[in-house]
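The structure under discussion appears below in the form of structure tokens.
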There are 2 protein chains.
Amino acid sequence: MPIEPNYFQQYQHADIDELADVIGELLQNPITVEDADHKLIAYSSHGESTDEARWSTIMGRRVPEKVLTRLWKDGVFQELLTQDDPVHIPAKDEIGLGKRVAIAIRRGSDVLGYIWAQEVNRPITREDDEILRQAARVAVSRLIQRQGKRKAEEQRRKEFLWELLLGNHSSEAVIRQKADSLQMQLPTSYLICIIEAAGARLDQYLYPLLMRDKLLWVVDGSQIILLIGLSDTKKDKSDVLIRKVEQFLSDSLGKLEAHVTEGCQVIAGYGRDYKSYTDIVKSYREALHALKIKKLFPQENEGIHGYHELGIYRYLLQLKQWEEEQGYQNERLEKLRQYDRENQTTLLTTLETFLDAAGKVNKTAERLHIHINTLSYRLRRIEEIMRVDLDNMNQRAALYLELKIAKLDGEQ
Amino acid sequence: MPIEPNYFQQYQHADIDELADVIGELLQNPITVEDADHKLIAYSSHGESTDEARWSTIMGRRVPEKVLTRLWKDGVFQELLTQDDPVHIPAKDEIGLGKRVAIAIRRGSDVLGYIWAQEVNRPITREDDEILRQAARVAVSRLIQRQGKRKAEEQRRKEFLWELLLGNHSSEAVIRQKADSLQMQLPTSYLICIIEAAGARLDQYLYPLLMRDKLLWVVDGSQIILLIGLSDTKKDKSDVLIRKVEQFLSDSLGKLEAHVTEGCQVIAGYGRDYKSYTDIVKSYREALHALKIKKLFPQENEGIHGYHELGIYRYLLQLKQWEEEQGYQNERLEKLRQYDRENQTTLLTTLETFLDAAGKVNKTAERLHIHINTLSYRLRRIEEIMRVDLDNMNQRAALYLELKIAKLDGEQ
DNA sequence: TTTTCATTTGTGAAAATTCACAAACAAACT
DNA sequence: AGTTTGTTTGTGAATTTTCACAAATGAAAA
């Protein structure tokens with residue numbers, strides 16, 4: 001294994017612009033250095049020919065949105081964020097992006113920025129990777145200061161989000177003002193989403209996704225709390241936002257479940273969407289509620305994350321509390337339970353399966369692995385014992401509710 | 001028309017025992033005088049032959065229970081309580097009751113007692129009716145005193161019931177003690193039932209029924225509040241009591257609806273059954289709740305009176321209040337309503353009918369007078385517009401609840 | 001005016017449901 | 001042992017549900 005030369009020994013104290021030039025000379029190609037937010041930091045100043053993407057980046061002092069979107073979509077950033085080596089990117093003519101190589105500038109797990117090397121004068125090969133690796137290492141100290149400021153800003157934004165979540169601000173105007181002062185642009189429509197995974201470094205695993213969508217987030221114990229929003233859309237906004245959240249969740253849950261240790265589960269829930277930022281407390285509470293219900297009824301709410309999708313489960317805790325206050329106990333259910341105990345039958349399970357299957361005998365019998373006539377016999381017995389009419393929607397719905405409420409007590 | 005003689009002119013100041021003897025002589029038959037509670041007041045003292053019923057009555061100082069039950073069942077008391085003329089009663093050998101004639105002693109609408117004339121020495125004919133009529137009139141003054149005492153006692157019992165209903169007593173022991181001091185025997189199992197009919201003299205119309213079952217009751221505005229109980233039964237008590245209440249209600253509602261003016265409706269509700277008398281407040285509140293719900297959802301709860309039968313309606317008011325507190329508004333329902341408005345369709349009604357029919361398409365289409373395929377088309381549209389899955393019980397039940405909650409706001 | 005779209009109704013066939021009736025089985029009781 | 005009781009499964013027929021497809025309607029749009 002040959003010892004690689006130390007390309008940047010004599011430039012340890014050069015400033016970032018000079019560094020860009022040096023890299024450019026080493027690779028004989030145009031160089032761009034960006035921070036983690038894709039704002040332009042430096043670029044090599046030789047008058048080489050360049051592509052539209054680089055030109056726009058330099059003119060706008062930031063990488064154009066459509067380029068970023070495309071690179072996220074193609075998984076380029078995912079690669080950059082998770083590995084130390086340079087990533088070779090083929091040309092993408094539709095967005096005016098020529099062939100190039102990029103590497104992340106990182107300290108520990110934090111990504112401070114990126115170095116981009118366009119391939120126009122000569123191809124950049126695997127042999128050049130070491131140059132870029134060293135360049136990224138040298139660039140770190142140059143970006144730390146900037147990063148420090150960014151971190152502090154982000155810290156203040158996170159604190160602001162906590163204030164919003166806890167409802168410390170009562171006036172919409174004050175909130176908007178503070179957001180402005182923190183240079184945040186609040187989405188016109190938003191909701192709160194929580195992902196929980198015990199024992200996993202949530203923010204680390206989700207980092208690429210969080211960056212991609214530029215989300216505002218805070219970590220609370222084993223939960224990560226996200227503010228997800230939409231800024232522009234005019235109509236059907238609710239649907240679009242929810243689709244975006246579901247997309248985000250399917251991305252992140254997939255990723256997390258791969259990383260997380262076997263035993264502990266990953267769950268997520270989100271509240272309803274609002275426009276006023278005084279309502280953020282509501283959305284947060286709703287997300288917490290959804291999470292709680294998903295823990296209590298995992299099977300029943302599999303694949304469901306939104307508070308608005310909880311259906312009757314939304315009411316259960318409240319109703320249970322009310323029933324306790326009223327000193328109500330359900331005699332009919334108790335009767336069935338007793339019958340089951342005395343006769344070693346499973347009528348309660350039968351009833352629950354039947355109700356869960358929305359009264360479809362076929363599906364119920366199948367799930368219980370019993371003959372359809374057995375089911376019909378059992379249902380008749382249930383009606384006799386409980387003195388209910390299962391054809392009556394009121395009674396059916398009431399039973400359904402009471403059954404699920406009873407499950408909350410672990411009465412099974 | 002012959003002028004009837006005044007049979008009792010010379011006995012205007014005779015005491016009640018003497019009066020019994022006089023009537024006995026006039027009719028040449030054994031006479032018994034009882035108060036409204038069937039306690040023996042006086043009886044003719046001639047040594048005539050008599051039947052088992054009269055003998056038991058005199059020995060026990062009260063008409064035997066089985067005789068009373070039978071006479072109530074045969075409608076004899078109903079007649080006696082509602083008409084001024086004597087009632088001729090055929091022999092009922094099974095209960096040791098010989099042929100006899102009876103008349104109520106009444107002042108205005110109050111029944112103070114009864115005169116019984118057994119037919120053993122000679123038949124009592126229609127010509128003798130006038131004798132009994134006059135006898136009843138003369139007896140009135142003799143019973144008024146006694147009646148006064150009874151009224152006062154009843155008044156104190158009613159006050160006691162009010163105290164129980166309002167929960168003024170917290171200790172079971174104190175309640176039992178006070179009941180003893182009022183010479184009331186509290187049923188071991190009881191419930192509170194309320195009948196409401198605006199503008200009807202409830203207690204008057206129900207008088208025979210109230211007397212028959214010896215119920216404790218109070219009137220509150222247009223409501224009559226009843227304590228209905230069972231004393232002895234050991235098992236299945238809940239069912240028996242509820243059957244008794246339903247029987248009572250079908251009797252009384254039938255009677256009331258005949259009497260009451262067209263416009264105003266008669267409604268009834270009852271709470272759950274309890275054993276401890278500190279729970280009477282609960283049963284009363286439950287009865288009131290049932291009544292309230294029946295007013296809000298008359299069709300939905302037709303033929304239902306018991307709090308335990310309300311099903312989901314039991315929860316509605318609570319849930320509505322909760323939703324208001326949470327500031328929740330159901331967007332999916334609103335979407336459907338809006339669609340209906342914009343397209344002059346009736347999808348909301350369709351949905352409600354479908355849910356009310358527990359998902360039976362046949363029944364639904366029939367009720368809506370539409371083709372079954374029209375219904376299936378509409379249901380598909382509803383699922384599209386609301387983005388729900390009507391085959392999913394959770395969503396179905398949630399929609400059902402939300403629909404009924406929405407009806408509370410008159411949103412229809 | 002034609003065209004389009006949402007809605008309603010019809011037809012027919014496969015699948016599911018309901019119902020009555022009977023046989024098989026095991027556990028409990030006499 | 002036989003009997004009773006509660007439960008499960010099977011058979012067959014009538015009815016209902018589901019689904020795909022087509023035709024008719026009427027109102028709005030081009």
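FYI, side chains are in, hydrogens and waters are out, and symmetry mates aren't considered; it's all heavy atoms of this structure. Since we're looking at a predicted model, the values are computed, not measured. Below, read A as the first sequence line, B as the second, and so on, with proteins coming before strands; counting in each chain starts at 1.
Note: CG (B/Asp340) to P (C/dA6) measures 16 Å, nearest angstrom. As a whole-Å value, the separation of B/Asp391 CG from C/dT17 P is 11 Å.
Counting 5' to 3', DNA chain D first comes under 4.0 angstrom of a heavy atom of chain B and last does so at the ends given by D/dT16 to D/dA20.
For B/Lys292, there are no salt bridge (Lys or Arg N to Asp or Glu O under 4.0 Å) partners at least two apart in sequence or on another chain. Here A/Asp340 pairs with A/Thr345, A/Leu347, A/Leu348 under the side-chain contact (heavy atoms from CB on, under 4.5 Å) rule; sequence neighbours left out. Scored by the side-chain hydrogen bond (donor to acceptor under 3.5 Å, both in side chains) test, B/Gln299 finds no partners at all (sequence neighbours excluded).
In this structure, A/Glu325 places its CD atom where more than 12 heavy-atom neighbours from other residues, nucleotides or ligands lie under 6.0 Å away. The environment of A/Glu94 atom CD is dense: over 12 non-hydrogen atoms of other residues, nucleotides or ligands sit within 6.0 angstrom. A 6.0 Å sphere centred on CD of A/Glu384 holds more than 12 heavy atoms belonging to other residues, nucleotides or ligands.
If you check residues 359-378 of chain B against DNA chain D, the residues with a heavy atom closer than 4.0 Å are B/Lys360, B/Val361, B/Asn362, B/Asn373, listed by number.
Comment: B/Arg387 engages A/Asp239 in a salt bridge, judged by a side-chain N to carboxylate O separation of less than 4.0 angstrom.
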- prompt: How does each nucleotide of nucleotides 24-29 of chain C score, in 5' to 3' order, for protein heavy atoms under 4.0 Å: base (B), sugar-phosphate only (S), or none (-)?
  reply: ------
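Screening A/Leu253, A/Ile194, A/Ile242 for a side chain to side chain contact (heavy atoms under 4.5 Å, CB included) with A/His305, the sole residue that qualifies is A/Leu253.
Using cut-offs of 30° and 60° on the angle between ring planes, the pair A/Tyr190 and A/Tyr274 is tilted. Classification of the B/Tyr315-A/Trp322 ring pair by plane angle, with boundaries at 30° and 60°, yields perpendicular.
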